[in-house]
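Computed from heavy atoms alone, side chains included, the values below leave out hydrogens, waters and symmetry copies.
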Amino acid sequence: MKRCVSMGLAPVLMLLIGCRAIGPEYERPAIETDPRWAASSDVSFNSAEPEGIETWWVSLNDPVLNSLIDRALMANLDLASAVARVRQAAAIRGIAAGERVPDLDATGSYARERQGQNGFPALQAPAEFESFALGLEFGWELDVWGRVRRLVEAADADLAATLEDLHDVRLIIVAELASEYVRLRSSQQRLRVAQRNIEIQRQSLSLTQVRFDNGAAPQLDVAQAQTNLANTQAALPLLQAEEREAALRIAVLLGENPASLIGELDESAPIPTPPETLAVGIPADVLRRRPDVRAAERLLAGEVARIGVELADLYPRFSLSGTLEFNSTNSAALFDANSLGFGIGPAFVWNIFDGGRERGGVRAQRAAADIAAIGYRSSVLGALESVEGAMYRHARQIEQAAAFQRAAAAAAQSAELSRRLYLEGRSDFQNVLDSERELFTAQDNLILSRSEVTSTFITLQRSLGGGWSPPPGKAEPHDEAAP
């Protein structure tokens with residue numbers, strides 16, 4: 001009879017466990033995007049799929065930068081922290097998955113007892129005895145409403161979001177390091193420009209001093225030349241400080257002592273130059289590639305799954321538990337058949353009144369899912385905005401650099417002409433001073449503008465999601481398996 005009952009109960013339990021999980025089934029929100037970028041009309045962009053975007057910095061053709069980025073990706077502390085967060089999320093997911101299988105505990109006890117004669121008049125003398133117990137206990141929540149399945153689903157989504165955060169940290173580190181490297185090289189180039197102009201202005205000062213000594217020029221020319229030279233020299237300390245600050249920051253990004261790169265990066269080098277034509281793809285590709293958008297989508301999936309967890313708490317929770325235990329007062333007879341005891345049976349618990357707390361939890365979780373959906377939408381719009389803005393600024397920066405190039409060439413010609421006219425006595429020294437100041441400003445602006453061209457290129461690559469690529473054939477964020 002017992003066997004018949006057990007055989008009849010098993011299919012019922014399996015049917016209950018196989019029920020569809022309660023709560024809404026997640027569907028990724030559809031996002032409509034334009035087929036092309038508004039800023040892609042500039043000749044420097046095309047809508048082809050970017051090639052090599054996972055290592056976009058290689059296109060700058062700077063071996064030192066490539067080496068620094070490789071070192072940063074191996075030892076950066078923020079990246080190491082992000083990796084640890086992925087491990088933590090994977091462990092939490094394992095905890096959630098563990099609820100799908102029964103708990104099995106081994107139990108054991110030993111006691112030595114003495115019963116006094118006064119408490120038991122029938123005893124002729126105090127009695128002493130030992131008791132031994134050894135057994136197993138198990139408990140299993142029957143996932144009738146899919147509560148555990150939704151927990152695992154939410155943990156999977158959280159793990160995937162954490163993995164996307166790791167990818168995003170990688171992108172941020174690469175972009176920041178490249179930007180600091182550009183700042184370092186820009187400072188070095190500006191220092192060289194300042195030093196060249198200081199040499200030119202020293203020659204002008206020497207010239208006016210000789211002319212003054214010969215009575216061919218007033219002392220005012222000498223004073224003005226000294227002022228011009230001192231003002232240019234005053235730019236050196238701040239440029240040197242900026243160069244040092246960039247080197248210190250790069251070292252920290254490499255996970256090293258801030259002063260470790262002093263000397264290694266002291267030798268001046270050109271500012272890396274980006275390619276003239278850039279492939280930016282289409283908006284849909286960016287949304288597929290950007291880790292922050294993918295993470296926001298996974299967070300939404302997790303919040304939707306948790307609605308099912310909260311809903312399941314409104315229904316009875318079924319479980320199956322049992323024990324298998326050997327009990328004896330004699331250790332030698334502990335494993336005899338007469339020492340064996342067992343028990344097994346189902347149970348349920350159902351909260352029928354809690355002052356509305358459970359239903360409040362459902363409403364709160366639905367609101368959390370709505371917040372995550374809004375966050376996902378905001379992340380999408382922010383991604384599109386950043387790309388459009390970066391493309392437009394990069395194009396305008398190229399135009400500005402070209403204008404400063406023309407200005408620097410004209411300023412150099414003006415400085416040479418004004419000096420010759422001054423020596424010929426056909427112009428006063430004020431024109432020389434003005435042209436030298438304009439030359440220094442134009443050349444400094446040119447260096448700054450060129451560095452900004454590279455900086456906006458870096459920003460554009462970051463906004464495009466450059467620095468990694470999703471696995472081939474896994475366009476949807478939720479299709480990617482956790483590591």
Item to check | Test item: Met391 and Trp37 side chains (from C-beta on) under 4.5 Å apart, heavy atoms | outcome: yes

Item to check | Between Arg393 and Ser455, a side-chain donor and acceptor under 3.5 Å | outcome: no

Next on the checklist: With a 3.5 Å distance limit and no angle check, can you tell me whether Ser260 reaches the backbone of Glu256 through a side-chain donor-acceptor pair?
Outcome noted: no

Item to check | Trace of the side chain to side chain contact (heavy atoms under 4.5 Å, CB included) decision for Asp336 with Phe326 | outcome: CA-CA 8 Å; Asp336 288 353; Phe326 290 92; over 6 Å; no

Item to check | Arg294 side-chain N/O to Arg288 backbone N/O, donor-acceptor pair under 3.5 Å | outcome: yes

Next on the checklist: For the residue pair Glu243 / Gln240, report whether a side-chain donor-acceptor contact shorter than 3.5 Å exists.
Outcome noted: no

Next on the checklist: Do the side chains of Glu245 and Arg183 get close enough for a salt bridge, i.e. N-O under 4.0 angstrom?
Outcome noted: yes

Checklist entry - Regarding Gln188 and Arg185, is there a side-chain donor-to-acceptor distance under 3.5 Å anywhere? => result yes

Checklist entry - Is a side-chain N or O of Trp140 found less than 3.5 angstrom from the main chain of Glu99, in a donor-acceptor match? => result no

Checklist entry - Hey, is the main chain of Ser463 close enough, under 3.5 Å, to the side chain of Arg290 for a donor-acceptor pair? => result yes

Checklist entry - What heavy-atom pair brings Pro346 and Leu320 nearest, and what distance separates the two atoms? => result N-CD1, 3.7 Å

Checklist entry - Nearest heavy-atom pair of Pro274 and Thr454: which atoms, and what distance? => result CD-OG1, 3.5 Å

Checklist entry - Which pair of non-hydrogen atoms, one from Glu388 and one from Ala38, has the smallest distance, and what is that distance? => result OE2-N, 2.8 Å

Checklist entry - Taking Arg149 for the side chain and Asp143 for the main chain, is one N or O donor matched with an acceptor at less than 3.5 Å? => result yes

Item to check | Donor + acceptor pair across side chains of Gln405, Arg450 (<3.5 Å) | outcome: yes

Next on the checklist: Atom CG of residue position Asp105 - does it have more than 12 heavy atoms of other residues, nucleotides or ligands inside 6.0 Å?
Outcome noted: yes

Item to check | Closest approach of Asp165 to Ala295 (non-hydrogen atoms, all atoms of both residues) | outcome: OD1-CB, 3.6 Å

Checklist entry - Are the side chain of Ser378 and the backbone of Ile374 linked by a donor-acceptor contact shorter than 3.5 Å? => result no

Next on the checklist: salt bridge (charged side-chain N to carboxylate O under 4.0 Å, His left out), that's the test. Do Arg289 and Glu49 meet it? Break it down for me.
Outcome noted: CA-CA 12 Å; Arg289 188 187 306 115; Glu49 177 68 19; 3.1 Å; yes

Checklist outcome for this item: For Ser186 and Leu448, the nearest pair of non-hydrogen atoms, with its separation, is OG-CD2, 4.4 Å

Next on the checklist: Distance alone, cut at 3.5 Å: any donor-acceptor contact between the side chains of Glu303 and Tyr26?
Outcome noted: no

Checklist entry - Just by distance, with hydrogens left out, do Arg147 and Tyr315 show a side-chain donor and acceptor under 3.5 Å apart? => result no

Checklist entry - Mind checking whether Trp468 and Glu164 have side chains closer than 4.5 Å, heavy atoms only? => result yes

Checklist entry - In terms of heavy-atom contacts, does CD of Glu25 have more than 12 from other residues, nucleotides or ligands at under 6.0 Å? => result yes

Checklist entry - Counting heavy atoms not belonging to Phe138, are there more than 12 under 6.0 Å from its CZ? => result yes

Next on the checklist: When you compare the side chains of Asn327 and Glu325, does any donor N or O come within less than 3.5 Å of an acceptor on the partner?
Outcome noted: yes

Next on the checklist: I'd like to know whether CD of Glu54 has more than 12 heavy-atom contacts from other residues, nucleotides or ligands below 6.0 angstrom.
Outcome noted: yes

Checklist entry - Asp313 and Arg359: salt bridge (charged side-chain N to carboxylate O under 4.0 Å, His left out), yes or no, with the steps? => result CA-CA 9 Å; Asp313 287 338; Arg359 294 188 181 276; over 6 Å; no

Checklist entry - Regarding Arg112 and the six-membered ring of Tyr110, is the cationic atom NZ or CZ under 6.0 Å from the ring centre and inside 45° of its axis? => result no

Next on the checklist: With a 4.5 Å cut-off on side-chain heavy atoms, are Ile458 and Trp56 touching?
Outcome noted: yes

Next on the checklist: Could you report the tightest heavy-atom contact between Pro24 and Ile307, atom names first, then the distance?
Outcome noted: CD-CG2, 3.6 Å

Checklist entry - Just by distance, do the side chain of Ser449 and the backbone of Ala401 share a donor-acceptor pair under 3.5 Å? => result yes

Item to check | Neighbour count above 12 (heavy atom, 6.0 Å) for Arg71 CZ | outcome: yes

